[in-house]
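Report on one structure; see the data block that follows.
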Amino acid sequence: MNKQKENTEKDFNERDEIEQRKAKLAELRKNGNPFRNDFRRDSLSAELKARYEELSKEELEEQPIRVKVAGRMMTRRVMGKAAFAHLQDMSGQIQLYVKRDSLPEGRYMEFKRWDIGDIIGAEGVMFKTKTGELSIMVDEIHLLTKALRPLPEKFHGLADQETRYRQRYLDLIVNEKSREVFKKRSAIIDYIRRYLMGRGFIEVETPMMQVIPGGATARPFITHHNSLDMQLYLRIAPELYLKRLVVGGFEKVFEINRNFRNEGLSTRHNPEFTMLEWYQAYADYHELMDLTEDLIRSLAKEVLGSTTVIYQGREYDLSKPFHRMTVKESILAFNPEIAPEQLADREAAKTFAEKLGIPVKDSYGLGKIQIEIFEKTVESSLDEPTFITAYPTEVSPLARRNDEDPFVTDRFEFFIAGREIANGFSELNDPEDQAERFRKQVEEMEAGDEEAMHFDADYIRALEHGMPPTAGEGIGIDRLVMFLTDSASIRDVLLFPHMRPKVKN
RNA sequence: GGGUCGUUAGCUCAGCUGGUAGAGCAGUGGACUUUUAAUCCAUUGGUCAUAGGUUCGAAUCCUAUACGACCCA
């Protein structure tokens, strides 16, 4: 013990930084709980800047404005008996000017022992420095929370992608761009919610754990309920529950919530992702397209302040009317070598698909083959905002058949920058047709398609009670946020993206 | 699933055709009462992702694995 004391000075230099900070914390503990929670701020840094930035040096001196702020100390420049520091709170940063002679006796020495990254509270009056930066002349300052680990480098920030995703809190502390993305994400969701509420929609929450996973074709996650001793699925979509609500008389409903799909990870896919779905009775898919166009246009205006969006170096003008074309038209447009007759004949279409390297299973009908061709040759080229309509009935088991051409449905998908953002259709409310389509899906499942739908008898029963003519749509919120925040990867718009566990230490 | 690239100090990065592991920031000690990537002086800090292999000698070459990034399916 004594030996330790003797060597304190020397050891101190040789211990690593975390140990040094822990030693400082141990010192602090001697004077009571250092994790105090009795400081109350009255201002946020951004508010102060908004209110007082315009005032001159002299105006600030004439009428002293006292403020209390709190946050993380991000930088510190000590010049003998005075120091500057930047304090970061959720709104931004404000500079503190800390003078020994303005503080209570001994406080300045304590301040000098605090570290970058510590959470502090400060009190003082607003002033402007020589260079004109709005700052606080501090006369009272407290350490509120000791940070035991050092922050990433102040100038370059945190650049390592992996650490940014795995330790998002560090990314958020240090990278303003990252904070901006998630603030925008919040603003986007808030706008969508207000937009729909303003149009008379009711927000609802439907089961995330479902007995029968439905509403989309995708592999589900399976879990187990112990006391019921039964298998449950994490939902792949809320669709069938939302439509039950329409049957129940909730004629305009929406839900913004998580879906789970047991599929691969990529820059566009995370196992859990956020989906907006809404359903409106007495409407069809044309009205949905109009609404989608208006929603996205007004959303950009509200959140970005402009209908011009720069995404990955390309400019998108959302003020222009969005393109609309059918699946068939788009395939023909992007594959000049294919003739319309070829696309109308299963064998000819199959030959064409195989030439493209698409494996065509025997179970594939013409519609499925068309969609495979579409996904391979068209989708990623749909750069400008585009609605693609008239999806084959074969691949649209929940959508209403088109009255003129029952081969296709009254369905569309919406694309920007080569990515599917939305999927909507006039709903299939004919219970007998729906039952037939479910049976087809079950056949496909039995043939080995793990993404095919289950037969949901309870849903059919609901339809048998009568669902009014309805249109419904889903928008992938993450992909929309990617587009509006110029993010290349879905991981950049998810606070905690799924990562492989890393065994470290 | 296949391909390409990456992993070096707490962070950001150098490290050439194999020859004793480097800088800046952060930290520590000192100077400094309007700085802002503060400045000046001094200084601590490394299982070079992991495991093998080649070699007198490996951060460097080879193989495998882990994790990540990008592209393709």
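We use all heavy atoms of the structure for the numbers below, so side chains are in, but hydrogens, waters and symmetry mates are not. Since the structure is predicted, the reported quantities are computational estimates derived from the model, not experimental observations. Every chain is numbered from 1, with letters handed out A, B, ... down the list of sequences.
Summarising the geometry, the separation between CD on A/E17 and C1' on B/rU43 is reported as 15 Å, rounded to the nearest angstrom. Rounded to an integer number of Å, the gap from CE of A/M73 to C1' of B/rG27 is 13 Å. The distance between atom NZ of A/K57 and atom P of B/rU34, rounded to the nearest whole Å, is 11 Å. Following rounding to the nearest Å, A/I94 (CD1) and B/rU35 (C1') show an atom-to-atom distance of 15 Å. Distance A/R113 CZ to B/rG27 P: 13 Å, rounded to the nearest Å. Between A/K81 atom NZ and B/rC32 atom P the separation is 5 Å, expressed in whole Å. In this structure, CD of A/E19 is placed 15 Å from P of B/rG45, rounded to the nearest angstrom. The separation between A/M74 atom CE and B/rC25 atom P is 18 Å, rounded to whole Å.
The A/L158 side chain lies nearest to B/rU12 when the options are B/rU35, B/rU12, B/rG27. Residue A/M137 places its side chain closer to B/rU34 than to any other of B/rU34, B/rU12, B/rU35.
No side-chain donor-acceptor contact under 3.5 Å links A/D171 to the backbone of A/V174.
B/rU17 sits 36 Å from B/rA26 when the C1' atoms are compared, rounded to a whole Å. When the P atom is used for both B/rU65 and B/rG46, the distance is 31 Å, rounded to whole Å. Between B/rA14 and B/rG22, the two C1' atoms lie 7 Å apart (nearest whole Å). Remark: the separation of the P atoms in B/rC62 and B/rG27 is 40 Å, to the nearest Å. Rounded to whole Å, the separation between the P atoms of B/rU7 and B/rU44 comes to 27 Å. B/rU8 and B/rA69 have their P atoms separated by 16 Å, given to the nearest Å. Atom P of B/rG1 sits at a distance of 28 Å from the matching atom of B/rU60, rounded to the whole Å. Spacing of P atoms, B/rC40 relative to B/rC25, comes out at 8 Å, to the nearest Å.
Across all strands shown, B/rU43 pairs with B/rG27; the Watson-Crick or G-U wobble distances both stay below 3.5 Å. Pairing partner, B/rG68: B/rC5, with both Watson-Crick or wobble hydrogen-bond distances short of 3.5 Å. Across the strands present, B/rA37 finds no partner; the criterion is a Watson-Crick or G-U wobble pair with both atom distances under 3.5 angstrom. When Watson-Crick and G-U wobble pairs are counted only if both distances are under 3.5 Å, B/rC48 pairs with no nucleotide at all. In this entry B/rC56 has B/rG19 as its Watson-Crick or G-U wobble partner, both defining distances falling under 3.5 Å.
One donor-acceptor pair, N or O on each side, does fall under 3.5 Å between the base of B/rU35 and the side chain of A/Q95.
Among the heavy atoms of the strands, none lies under 4.0 Å from A/V174. Looking at heavy-atom distances under 4.0 Å, A/G157 makes contact with sugar-phosphate atoms alone, never a base. Within 4.0 Å of A/F127, counting heavy atoms only, lies at least one base atom of the nucleic acid.
Across the interface with RNA chain B, nearest-nucleotide mapping of A/H156 and A/V78 shows A/H156 to be the residue nearer the 5′ end. Each of A/R76 and A/T163 was assigned the nucleotide of RNA chain B with the nearest heavy atom; the assignment lying further toward the 5' end belongs to A/T163.
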Contact list (N/O, under 3.5 angstrom) for nucleotides 68-73 of chain B vs protein:
{"unit_1": "B/rG68", "atom_1": "OP1", "unit_2": "A/R500", "atom_2": "N", "d": "2.9"}
{"unit_1": "B/rG68", "atom_1": "OP2", "unit_2": "A/R500", "atom_2": "NH1", "d": "3.1"}
{"unit_1": "B/rG68", "atom_1": "O4'", "unit_2": "A/E162", "atom_2": "OE1", "d": "3.2"}
{"unit_1": "B/rA69", "atom_1": "OP1", "unit_2": "A/R491", "atom_2": "NH1", "d": "2.4"}
{"unit_1": "B/rA69", "atom_1": "OP2", "unit_2": "A/R491", "atom_2": "NH1", "d": "3.0"}

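Put simply, A/K24 has a side-chain N or O that comes within less than 4.0 Å of OP1 or OP2 on B/rU28.
Ion pair A/R219/A/E263 not flagged as a salt bridge, since none of the NZ, NE, NH1 or NH2 atoms sits closer than 4.0 Å to an Asp/Glu carboxylate oxygen. One finds no salt bridge joining A/R113 and A/D118 here, because no Lys/Arg side-chain nitrogen approaches an Asp/Glu carboxylate oxygen to under 4.0 Å.
Judged purely by distance below 3.5 Å, without hydrogens or angles, the side chains of A/T292 and A/E473 pair a donor atom with an acceptor atom.
In this view, A/P64 and A/V125 satisfy the side-chain contact (heavy atoms from CB on, under 4.5 Å) rule, not counting sequence neighbours.
Other residues, nucleotides and ligands contribute at most 12 non-hydrogen atoms within 6.0 Å of the CD atom of A/Q63.
Tested against A/P497, the residues A/R164, A/R168, A/E272 include a single side chain to side chain contact (heavy atoms under 4.5 Å, CB included) partner, A/R168.
The ring of A/F414 has its center no closer than 6.0 angstrom to the ring center of A/F483. In this structure, the ring of A/Y391 has its center no less than 6.0 angstrom from the ring center of A/F425.
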